[in-house]
Amino acid sequence: MPELPEVETVRRGLQPYLEGAVIERVEQRRPDLRFPFPDRFAERLESRRVTAVGRRAKYLTIHLDDGAVVISHLGMSGSWRIEMSGEAVIPGEFHYERSKAAAHDHVVFHLLTASGEHGRVVFNDPRRFGFMLLAEERLLDEHPSLSGLGVEPTGNSLDGELLSSLLRDKRAPLKAALLDQRLIAGLGNIYVCEALWRAGLSPLRSAGTIAGPPDKPDVRAEELATAIREVIFDAIAAGGSSLRDYVHADGSLGYFQHSFSVYDREGEPCLRAGCGGTVERIVQSGRSTFFCAACQR
DNA sequence: ACTAGCCCCTGTCCGC
DNA sequence: TGCGGACAGGGGCTAG
């Protein structure tokens, strides 16, 4: 479920429970997900207090009081689930109902939260494309998973000038360039399709063709930068998109899927006023692209 | 240095 | 009802 808006939604859901909580125990239920877990992963987390829950692109970062950081990626099907005991802790006792693990529950963090409740946060991932790694906080930006990432679309720096410079001389299709995490970090298949529709740009055109000369960025780069930022902010405000899986850590759904203009709308009418076109589905580098050939040029 | 293609894995849906 | 194939929000690796 994971593009930037979904990961940000998960981060916001986990934050109230994780920040300030002590990780009393970690159940690591298999040796690997996409990658092997780090050596002694569970032991290295136990008795640590969580100081912050962050996000970089589509990665969650769980910061611990000893300077370690858990880097977690949700892959295609990863999700987190919060299970609280609902009871205040009685000192010296450890009790909450132990429910049976669900299928594909791979990691369970047993917590004592800052507000004094026992509970768990559970990582579930049927396809196991997700992963968890460990880094040192002071070296976080240099970690191999994060060091090559491009600009955050939620920051202030993504404007027409920067986007022009990122796309200039790129001959790859515009859609492929926007999916390249080294340029802009956090966009995925849904929001690239949606941003291109909002900007009225074809996913097929060569990326460099909207850059313009270095001294005068093309207005189309400006419009695309705006479209990217707006669609990401709109999606975050909607709690992300829930397609096949729940997004939120509390089990509730995002609702941005109701605002899709093109994604998953093959054969349906283009929603742009006066367009009259039909949304098409094509395949680019193995993934579906949804767009309107009539108004996206 | 680029790009396309394949792969990892499970679940679901659709057509026969 | 069963079975095979296509497809799914990602990204790392390889071969051109």
Side-chain angles (χ1 to χ4, degrees), chain A residues 1-11 29-37 55-60 71-80 102-106 123-133 143-150 153 166-196 203-208 231-232 234-236 238-249 253-267 281-290:
Chain A
M1 45 171 174
E3 299 184 37
L4 189 158
E6 289 75 34
V7 178
E8 177 61 20
T9 299
V10 170
R11 188 195 71 76
R29 302 167 53 86
R30 52 175 298 131
D32 56 26
L33 293 171
R34 170 157 193 177
F35 305 124
F37 282 92
R55 178 191 60 74
R56 173 76 170 102
K58 303 174 191 176
Y59 296 82
L60 279 174
I71 300 173
S72 167
H73 197 291
L74 302 175
M76 290 280 268
S77 58
S79 63
W80 289 85
H104 309 302
D105 282 353
H106 303 309
F123 181 72
N124 182 286
D125 186 3
R127 294 177 75 178
R128 303 202 302 277
F129 289 171
F131 54 84
M132 282 186 211
L133 300 172
H143 188 277
S145 290
L146 306 183
S147 62
L149 292 172
L166 292 173
L167 300 181
R168 188 167 298 125
D169 301 327
K170 289 264 182 310
R171 261 161 291 185
L174 185 52
K175 188 206 181 192
L178 297 184
L179 283 174
D180 187 341
Q181 302 297 299
R182 297 168 300 180
L183 303 179
I184 303 171
L187 301 182
N189 209 32
I190 292 176
Y191 299 109
V192 165
C193 291
E194 293 296 312
L196 286 169
L204 295 164
R205 72 157 57 235
S206 181
V231 76
I232 291 297
D234 289 351
I236 291 173
S241 304
S242 295
L243 273 61
R244 284 154 276 278
D245 306 303
Y246 290 114
V247 167
H248 300 194
L253 294 171
Y255 52 88
F256 192 76
Q257 65 277 13
H258 304 302
S259 300
F260 289 166
S261 297
V262 284
Y263 187 84
D264 212 15
R265 293 194 63 244
E266 182 183 14
R281 174 183 171 275
I282 60 173
V283 175
Q284 289 180 286
S285 48
R287 316 195 93 94
S288 291
T289 298
F290 298 89

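Residue numbers start from 1 in every chain, and the chains themselves are labelled A, B, ... in the order their sequence lines are given, proteins ahead of strands. Please read these numbers as outputs of a predicted model, since none were measured by experiment.
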Gap separating the [atom1] atom of [X] from the [atom2] atom of [Y], nearest 0.5 angstrom:
{"X": "L33(A)", "Y": "R127(A)", "atom1": "CG", "atom2": "CZ", "answer": "14.0 Å"}
{"X": "L178(A)", "Y": "K170(A)", "atom1": "CG", "atom2": "NZ", "answer": "11.5 Å"}
{"X": "R29(A)", "Y": "D105(A)", "atom1": "CZ", "atom2": "CG", "answer": "6.0 Å"}

Q: Could you identify which residues of residues 169-182 of chain A place a heavy atom less than 4.0 Å from some atom of DNA chain B, listed by residue number, or say none?
A: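 Hits under 4.0 Å, by residue number: R171(A), A172(A), P173(A).
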Can you give me the N/O atom pairs linking the protein to nucleotides 9-13 of chain B at distances under 3.5 Å, or say none if there are none?
residue : atom : partner : partner atom : Å
dC9(B)  : O4'  : R127(A) : O            : 3.4
dC9(B)  : O3'  : R128(A) : NH2          : 3.2
dC9(B)  : O2   : R127(A) : NE           : 2.8
dC9(B)  : N3   : R127(A) : NH2          : 3.3
dT10(B) : OP1  : R128(A) : NH1          : 3.4
dT10(B) : O4'  : P126(A) : O            : 3.4
dT10(B) : O3'  : H104(A) : NE2          : 3.2
dG11(B) : OP1  : H104(A) : NE2          : 2.7

Residues that [X] engages under ring-ring contact (aromatic ring centres under 6.0 Å, His included), provided they are two or more places apart:
{"X": "F131(A)", "value": "F35(A), H73(A)"}
{"X": "Y263(A)", "value": "F260(A), F290(A)"}
{"X": "Y255(A)", "value": "none"}

With sugar-phosphate meaning primed atoms plus P, OP1 and OP2, does [X] contact a base, only sugar-phosphate, or nothing at under 4.0 Å between heavy atoms?
{"X": "F131(A)", "result": "nothing"}
{"X": "F256(A)", "result": "nothing"}
{"X": "G286(A)", "result": "nothing"}

Q.
If we ignore hydrogens and angles and just use 3.5 Å, is the side chain of S206(A) paired with the main-chain N or O of R171(A) as donor and acceptor?
A.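 Yes; judged by distance alone, with no hydrogens or angles, the pair exists.
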Between [X] ([atom1]) and [N] ([atom2]), how many Å, whole number?
{"X": "I190(A)", "N": "dA8(C)", "atom1": "CD1", "atom2": "P", "value": "11 Å"}
{"X": "L33(A)", "N": "dG10(C)", "atom1": "CG", "atom2": "P", "value": "18 Å"}
{"X": "L146(A)", "N": "dG12(C)", "atom1": "CG", "atom2": "C1'", "value": "15 Å"}
{"X": "Y263(A)", "N": "dA8(C)", "atom1": "OH", "atom2": "P", "value": "6 Å"}
{"X": "L74(A)", "N": "dG11(C)", "atom1": "CG", "atom2": "P", "value": "10 Å"}
{"X": "D264(A)", "N": "dA8(C)", "atom1": "CG", "atom2": "C1'", "value": "10 Å"}
{"X": "M132(A)", "N": "dG11(C)", "atom1": "CE", "atom2": "P", "value": "16 Å"}
{"X": "M76(A)", "N": "dA6(C)", "atom1": "CE", "atom2": "C1'", "value": "13 Å"}

Quote, to the nearest angstrom, the [atom1] distance that separates [N] from [M].
{"N": "dC9(B)", "M": "dC13(C)", "atom1": "P", "value": "15 Å"}
{"N": "dC7(B)", "M": "dG5(C)", "atom1": "P", "value": "15 Å"}
{"N": "dC7(C)", "M": "dG5(B)", "atom1": "P", "value": "15 Å"}
{"N": "dG9(C)", "M": "dT3(B)", "atom1": "C1'", "value": "23 Å"}

Got a sec, which residues hit side-chain hydrogen bond (donor to acceptor under 3.5 Å, both in side chains) with [X], two or more places apart in sequence or on another chain?
{"X": "R168(A)", "value": "none"}
{"X": "Y191(A)", "value": "E6(A), S241(A)"}
{"X": "R287(A)", "value": "none"}

Q | Qualifying residues under side chain to side chain contact (heavy atoms under 4.5 Å, CB included), relative to R182(A), sequence neighbours excluded | A | D180(A)
Below 4.0 angstrom from OP1 or OP2 of [N], is there any side-chain N or O of [X]?
{"X": "H73(A)", "N": "dG10(C)", "result": "no"}
{"X": "S77(A)", "N": "dA8(C)", "result": "no"}
{"X": "K58(A)", "N": "dG11(C)", "result": "yes"}

Q | Least distance between heavy atoms, I190(A) atom then E3(A) atom | A |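 Closest pair (atom of I190(A), atom of E3(A), distance): N-OE2, 2.7 Å.
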Q: Indicate the atoms forming the closest heavy-atom contact of L74(A) with D125(A), along with that distance.
A: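 Looks like O-OD2, 4.0 Å.
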Sort me out a list of protein N/O and nucleotides 14-16 of chain C N/O pairs below 3.5 Å, or just none if empty.
none

Q: Counting Watson-Crick and G-U wobble pairs whose two distances are both under 3.5 Å, find the runs of 3 or more in a row that involve DNA chain B.
A: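 For DNA chain B the paired stretches long enough to count as stems (3 pairs minimum) are B:2-8 with C:10-16, B:10-16 with C:2-8.
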Q.
Under 3.5 Å, is there a donor on one side chain and an acceptor on the other for S288(A) and R281(A)?
A.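 Short answer, yes.
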Q: Please tell me which of the listed nucleotides, dC7(C), dG10(C), dG9(C), lies nearest to the side chain of R287(A)?
A: dG10(C)
Q. With sequence neighbours left out, which residue pairs that include part of residues 183-195 of chain A fulfil the salt bridge (Lys or Arg N to Asp or Glu O under 4.0 Å) condition?
A.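 Listed by first then second residue: nothing to list.
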